[in-house]
Chemist: 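Sharing a structure here in structure tokens format.
As the structure is a prediction and not an experimental result, all values here were calculated from the model.
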Amino acid sequence: MKIIIGQGSCGIAAGANKVYTQFDTEIKNLGLDAELTLTGCIGMCYLEPIVDIIDEENVKTTYVRVTS
């Protein structure tokens with residue numbers, strides 16, 4: 001599983017740092033086999049923070065306005 005969190009300036013302003021920290025904590029606490037990565041601007045500032053999750057079958061699910 002791969003988790004991608006947008007951290008362009010708009011994402012950071014919307015709370016993406018807190019979302020990243022919470023995902024990192026939960027992945028470690030639950031012992032998940034997940035790769036947590038960051039990306040720059042996704043281009044949809046009004047939907048930030050945006051999190052993409054790509055599962056083991058390479059299916060991407062996008063979540064918007066994510067809170068920690």
Chemist: OG1 of Thr39 to CD of Gln7: how many Å apart, nearest 0.5 Å?
Modeler: 10.0 Å

Chemist: Flag the pair Met1 / Glu35 as yes when at least one side-chain heavy-atom distance between them is below 4.5 Å, and no otherwise.
Modeler: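 Not in contact.
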
Chemist: Testing Ile5, Thr62, Val19, Ile4 for side chain to side chain contact (heavy atoms under 4.5 Å, CB included) with Ile50, which one passes?
Modeler: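 When Ile5, Thr62, Val19, Ile4 are each tested with Ile50, the side chain to side chain contact (heavy atoms under 4.5 Å, CB included) holds only for Thr62.
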
Chemist: Following the transitive rule for hydrophobic clusters with a side-chain heavy-atom cut-off under 4.5 Å over Ile, Leu, Val, Met, Phe, Trp and Tyr, establish whether Ile53 and Val59 coincide in one cluster.
Modeler: no

Chemist: What about Tyr63 and Leu38, same hydrophobic cluster or not, with Ile/Leu/Val/Met/Phe/Trp/Tyr joined at side-chain heavy-atom distances under 4.5 Å?
Modeler: yes

Chemist: Ignoring hydrogens, what is the shortest heavy-atom contact between Ala16 and Pro49? Give both atom names and the distance.
Modeler: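 Of all heavy-atom pairs spanning Ala16 and Pro49, the closest is N-CG, 3.8 Å.
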
Chemist: Let me confirm one number: the CD-SG distance from Glu48 to Cys41, rounded to the nearest 0.5 Å.
Modeler: 7.0 Å

Chemist: Within this structure, what is the NZ-CG distance for the pair Lys60 and Asp52, rounded to the nearest 0.5 Å?
Modeler: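 So the gap between those two atoms works out to 4.5 Å.
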
Chemist: If I take atom CG from residue Asp55 and atom NZ from residue Lys2, how far apart are they, to the nearest 0.5 angstrom?
Modeler: 13.5 Å

Chemist: Quick one: salt bridge (charged side-chain N to carboxylate O under 4.0 Å, His left out) pairs with a partner in residues 3-26, sequence neighbours left out?
Modeler: Asp24-Lys28

Chemist: Is Leu32 reachable from Val66 through a run of I, L, V, M, F, W or Y residues, each pair having side-chain heavy atoms under 4.5 Å apart?
Modeler: yes

Chemist: Quick one: OH on Tyr20 to CG on Leu36, what's the gap to the nearest 0.5 Å?
Modeler: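 Between Tyr20 OH and Leu36 CG, I get 4.5 Å after rounding to 0.5 Å.
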
Chemist: Looking at every heavy atom in both Cys45 and Cys10, which two are closest together, and how far apart are they?
Modeler: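 Looking at all heavy atoms of both residues, the closest pair is SG-SG, 3.3 Å.
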
Chemist: Check this for me: Asn29, atom CG, are more than 12 non-hydrogen atoms of other residues, nucleotides or ligands nearer than 6.0 Å?
Modeler: yes

Chemist: Are Ile3 and Val51 packed together at the side-chain level, in the sense that at least one heavy-atom pair is separated by less than 4.5 angstrom?
Modeler: yes

